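Encoded as structure tokens, the structure appears first; notes follow it.
Residue numbers start from 1 in every chain, and the chains themselves are labelled A, B, ... in the order their sequence lines are given, proteins ahead of strands. The shown structure was predicted, so the numbers you read here are calculated from the model rather than taken from an experiment.
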Amino acid sequence: MAMQYWLMKTEPGVYSIDDLKRDKKTFWEGVRNYQARNNMRAMKKGDGVLFYHSQATPPGVVGVAKVVKEAYPDHFAFDKKSKYFDAKSDPEEPRWFMVDVGFVEKFGAVVSLPEIREVNALKDMVLVNNSRLSVQPVRKAEFDRVVKMGRAR
DNA sequence: GCCAACGTTGGC
DNA sequence: GCCAACGTTGGC
């Protein structure tokens, strides 16, 4: 099975690449969108992840992470005190899942969304065409190109 | 802070 | 099953 590639969004004020660098790895809880969830369930250990800062100035890819643990139930959905609580997720048949991701590298500077939009080879990225999806698949060529841009600084 | 895009909910 | 209303995301 070939390695797959993904892009995961986070608001740096909530959890940033620097937090991941410090923690080495983290669990990716709180995804409450079916398409994003399905993408997480398709992830395999070792898959590459573009780490994206949304709600940032500028927004963009700030580094690389990797999948270190495949999808398992998001128990925050069962916790009434959690902001991610969802009464419709039954512990017997969990609706929401999370994965663990590990730190790989932080780019010297952000590969910004406007820059990505300017690159013809990246015009089909989900990021460019569906700005709302928080966990999305990335083609290998796109992943390699963004990483190359991130390292060339 | 605004607003477009998109997903979800719920009445019928 | 349709679709209007509503809520959320995220760029600007």
Verdict with reasoning, A:Glu115 to A:Val110, per side-chain contact (heavy atoms from CB on, under 4.5 Å) = CA-CA 10 Å; A:Glu115 281 178 86; A:Val110 56; 5.7 Å; no
Could you write out each protein N or O paired with an N or O of nucleotides 1-7 of chain C at a distance under 3.5 Å?
none

Pick from A:Val128, A:Leu133, A:Leu127: which one makes a side-chain contact (heavy atoms from CB on, under 4.5 Å) with A:Asn130?
-> A:Leu133
Using a strict 4.0 Å threshold on nitrogen-to-oxygen distance, state whether A:Arg22 and A:Asp19 make a salt bridge.
-> yes
Are A:Trp96 and A:Tyr34 an aromatic pair by the rule of ring centers under 6.0 Å?
->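 When the ring centroids of A:Trp96 and A:Tyr34 are compared, they turn out to be within the sub-6.0 Å range.
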Any link between A:Val138 and A:Tyr52 through a network of hydrophobic side chains (Ile, Leu, Val, Met, Phe, Trp, Tyr) touching at under 4.5 Å?
-> yes
Find out if a path of hydrophobic residues (ILVMFWY) with successive side-chain heavy-atom gaps under 4.5 Å connects A:Leu113 to A:Phe107.
-> yes
Show me the protein contacts with nucleotides 8-10 of chain B, counting only N or O atoms at under 3.5 Å.
{"unit_1": "B:dT9", "atom_1": "OP1", "unit_2": "A:Lys88", "atom_2": "NZ", "d": "2.8"}

Is there a donor-acceptor pair closer than 3.5 Å between any side-chain N or O of A:Asp47 and the backbone N or O of A:Val67?
->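 It does not hold such a pair.
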